[in-house]
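One structure below.
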Amino acid sequence: MRLEILYYMSKRTKIKALLESEQTHIEVTVKGWIRTFRNNQFIALNDGSTNNNIQIVVDFENTDPTLLKRLTTGAAISVVGELVASLGKGQKVEVKASQIEILGDSDPEKYPLQPKKHSLEFLREIAHLRFRTNTFGAIFRVRNTLSYAIHTFFQDRGFVYLHTPIITASDAEGAGETFHVTNFDLVNPPKTETGEIDFKQDFFGRATNLTVSGQLEGELGAMALSDIYTFGPTFRAENSNTTRHLAEFWMIEPEMAFYDLVDNMDLAEALLKFVIKEALAKNADDLEFLSQRLAEEEKQKPQNERSDLSLIDKLQFCLDNDFQRLTYTEAIEILKESTPNKKKKFQYPIEGWGTDLQSEHERYLVEKHFKKPVILTDYPKQIKAFYMRQNDDEQTVRAMDILFPGIGEIVGGSQREERLEKLEQRMDEMGIPKEELWWYLDTRRFGACPHAGFGLGFERLVLFVTGMGNIRDVIPFPRFPKNAEF
RNA sequence: UCCUGAGUAGCUCAGCCGGUUAGAGCAUCUGACUGUUAAUCAGAGGGUCGCUGGUUCGAGCCCAGCCUCAGGAGCCA
């Protein structure tokens, strides 16, 4: 990157470019927010372009004292000065300021972010300012890389990015509680003669809600475009209070015609590896910082709970190893024979075939037994959704869940049931109203073909790559029960 | 929603068996120092002890209800 060009285009040079500059003794303009002002002489300035700060050297003896007093943590400033090799240790280059302008003051008595350690809980309460910390700066730059990498991955493979609706009328997908969308006066909504709320008079002429999944619409697209993916917000009104659930989250849902379950797994594994690789390549500084942050945090934990791999090693390990693939039935066998099960260490002992695995079981498989990402397939049909393709054993369906260490389920997908009779039979059994999904069933009536897809929880991916522990810290403004501030 | 724990200065926390004027570190302010890396040294200011009610001569501490937060579970991505 040539600094002159950047300077011309934006009237300032971003700190990332300055720190990478091979040239010195050039005049530069740099703008950003003060992190600390040390020794009445050294400003650590950050503009979010990188995790690293640039050091601004102030000639305090020849600077107006009232200006010096306004160089406080959090203030926005513009600096003109010479980029020089640093005289001190700790940085290669620094800017010898010739002109400093305060763009925005920051009252140090009131500004909540002071140069000290703050807890993640506190920062969550000031989510509007937490971008200005090293940790959150790194997280959101990594999030950006992952987001872009997902598009790159699919675009390179000829997938069509399809915008499925945010507002939907079907409440039939069984993916969880929905948020209602209405124009009614909630105090006095129109009623029918029988006293029920009359949705015929509502904006859409029927009851509507925010989407819980774009999959069904995604399948419609795939039945003509071959390969599509969605990447958009998803809403679940579950009263979930955990480190892995949000009421508003982003999900990637590819849907591929002529794919079977193995193709589906191959694609999901390739996608995860690609985006992790991109993050390692493009956010080395950020991940190094997050890796150290995690190491510090792990020091607080008892020895046996600590991870033996650093964050970066963990990500690299993911790239270097194939995910372990096995069926639900095989997993049950392993769990049955496992030490914690025999020693009755599981809160929910493995009793037999047919029930869903508990978190502790998934963790055992991923973190203790295989020690790598695991793909479980062919679950019992009674614990999975109606649209999954039924196996010949009449007991299981072509489902696959990808389980990651520390996160649990990061991907859930399946080969879809393309046979009309089988699908209708399953919908009847599960009480899914066929009339409402007439358009979905039409794809099985006209040119049905084998196809498959999955849903990847974007925040869970960001959680894994950044090594953070709470999903509320990897989305800018988390929505969860009792919280929609900002 | 359930289980467990927590809520005391701007932040992180201590506060004994219920007893006089509620403490520390960091941050902030003032002064000193001036090539510092979360600078350092000295000093100062800063409190509705989550809210409501109760027990008691007396409550930060005990009891009840509520609110909020964290961790775990369920629901799932």
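Order of the sequence lines sets the chain letters (A, B, ...), proteins ahead of strands, with each chain counted from 1. On a predicted model such as this, the values are computed, not experimentally measured, just so you know.
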* Determine: side-chain N/O of A/Asn470 to OP1/OP2 of B/G71, distance under 4.0 Å, yes or no. => yes
* When we call it a touch if two heavy atoms are under 4.0 Å apart, what does A/Ile252 touch: a base, just sugar-phosphate, or nothing? -> nothing
* Carboxylate-amine/guanidinium proximity below 4.0 Å for A/Glu367 and A/Lys371 -> no
* Between the side-chain atoms of A/Asn241 and the base atoms of B/U1, is any donor-acceptor pair under 3.5 Å? -> yes
* **Side-chain-base donor-acceptor pair under 3.5 Å for A/Glu360 and B/G72** => no
* **Whole angstrom value for the distance that separates P of B/U40 from CZ of A/Phe37** => 15 Å
* To do: May I ask you to say whether A/Lys69 pairs ionically with A/Asp64, meaning some side-chain N is under 4.0 Å from a carboxylate O?
  => no
* **A/Arg38 side-chain N/O to B/A39 phosphate OP1/OP2 under 4.0 Å** => yes
* Pick base, sugar-phosphate or nothing for A/Tyr348, based on heavy-atom distances below 4.0 Å to the nucleic acid. => sugar-phosphate
* Mind calculating the distance between NZ (A/Lys110) and P (B/C11) to the nearest angstrom? => 16 Å
* Between atom CG in A/Asn39 and atom P in B/C41, what is the gap in whole Å? -> 13 Å
* Asked: Would you call A/Glu296 and A/Arg293 a salt bridge, taking side-chain N to carboxylate O under 4.0 Å as the test?
  -> no
* What about A/Phe404 and A/Phe323, are their ring centers closer than 6.0 Å? -> yes
* Report which part of the nucleic acid A/Lys69 touches: base, sugar-phosphate, or nothing (heavy-atom distance under 4.0 Å, all strands). => sugar-phosphate
* To do: Could you give the distance separating B/G10 and B/G45 at their C1' atoms, to the nearest angstrom?
  => 13 Å
* Asked: How close or far is atom C1' of B/U1 from atom NZ of A/Lys482, stated in whole angstroms?
  -> 11 Å
* Does a side-chain N or O from A/Lys96 land closer than 4.0 Å to OP1 or OP2 of B/G35, or not? -> no
* **Proximity of A/His163 and A/Tyr161 rings by center, below 6.0 Å** => yes
* Asked: In the strands shown, is B/A14 matched to any nucleotide by a Watson-Crick or G-U wobble pair with both distances under 3.5 Å, and which?
  -> none
* Asked: Which nucleotide in the set B/U28, B/G25, B/C69 lies at the smallest distance from any side-chain heavy atom of A/Pro115?
  -> B/U28
* **Integer-rounded Å distance: B/C29 P and A/Tyr111 OH** => 14 Å
* Asked: Taking atom C1' of B/A70 as reference, at what distance in whole Å does atom CD of A/Glu125 sit?
  -> 11 Å
* **Cation-pi geometry met for A/Arg472 and A/Phe480 (6.0 Å, 45°)** => yes
* Just checking A/Pro112: base, sugar-phosphate only, or nothing, at a heavy-atom cut-off of under 4.0 Å? -> nothing
* Go ahead and name the base partner of B/C33; Watson-Crick or wobble counts if both distances stay under 3.5 Å, otherwise write none. => none
* Structure fact -> Applying the 3.5 Å cut-off to both distances, the Watson-Crick or G-U partner of B/G74 turns out to be none
* Asked: A/Gln41 side chain N/O closer than 4.0 Å to the phosphate oxygens (OP1, OP2) of B/G35?
  -> no
* Asked: Between B/U37, B/A27, B/C29, which one does the side chain of A/Lys89 approach most closely?
  -> B/U37
* From B/G35, B/U28, B/C69, pick the nucleotide closest to the side chain of A/Gln114? -> B/U28
* Asked: Hey, does A/Ser86 reach any base, or is it just sugar-phosphate, or nothing, if we go heavy atoms under 4.0 Å?
  -> base
* Among the candidates B/C11, B/U37, B/U28, find the nucleotide nearest to the side-chain atoms of A/Gln91. => B/U37
* **For atom CZ of A/Phe122 and atom C1' of B/C11, their distance in whole Å** => 6 Å
* Asked: Out of B/A77, B/G35, B/A38, which nucleotide sits closest to the side chain of A/Met251?
  -> B/A77
* **Carboxylate-amine/guanidinium contact A/Asp47 A/Lys14, below 4.0 Å** => no
* To do: Would you classify A/Ser359 as touching base, sugar-phosphate or nothing, given that sugar-phosphate means primed atoms plus P, OP1 and OP2, and contacts are heavy atoms under 4.0 Å?
  => sugar-phosphate
* Is it true that the NZ or CZ of A/Arg157 lies under 6.0 Å from the centre of A/Phe153's six-membered ring and within 45 degrees of the ring axis? -> yes
* Ring centroids of A/Phe249 and B/A77 base under 5.5 Å with planes under 30° -> yes
* Asked: Is the shortest side-chain N/O distance from A/Gln347 to OP1 or OP2 of B/A73 below 4.0 Å?
  -> no
* Any A/Thr36 side-chain N or O less than 4.0 Å from OP1/OP2 of B/A39 -> yes
* Asked: So, is A/Arg124 close to the B/U68 phosphate, meaning a side-chain N or O under 4.0 Å from OP1 or OP2?
  -> no
* For B/A64, which nucleotide is its Watson-Crick or G-U wobble mate, given both distances must be under 3.5 Å? -> B/U52
* Asked: Any donor-acceptor pair under 3.5 Å between the side chain of A/Glu61 and the base of B/U34?
  -> no
* **Along RNA chain B (nearest heavy atom to each residue), the more 5'-positioned of A/Ser119 and A/Thr72** => A/Ser119
* **Short side-chain N/O contact from A/Ser213 to OP1 or OP2 of B/A77, under 4.0 Å** => no
* **Nearest-nucleotide comparison on RNA chain B, the residue closer to the 5′ end among A/His118 and A/Arg244** => A/His118
* Which nucleotide in the set B/U36, B/A38, B/U34 lies at the smallest distance from any side-chain heavy atom of A/Asn40? -> B/U34
* Asked: CD1 of A/Ile34 versus C1' of B/U37: gap in Å, rounded?
  -> 16 Å
* Asked: Does the base of B/C69 carry an N or O that pairs as donor and acceptor with the side chain of A/Arg472 under 3.5 Å?
  -> no
* Asked: Counting any heavy atom closer than 4.0 Å, what does A/Glu94 reach on the DNA or RNA strands: base, sugar-phosphate only, or nothing?
  -> base
* Are A/Arg398 and A/Glu417 ion-paired here, with the side-chain N under 4.0 Å from a carboxylate O? -> no
* Asked: Checking all strands, does A/Gly455 fall into the base, sugar-phosphate, or nothing category for heavy-atom contacts under 4.0 angstrom?
  -> sugar-phosphate
* Describe the nucleic acid contact of A/Leu87 in one word from base, sugar-phosphate, nothing, applying a heavy-atom distance below 4.0 Å. => base
* Base, sugar-phosphate alone, or nothing: which one does A/Gln55 contact when heavy atoms must sit under 4.0 Å apart? -> base
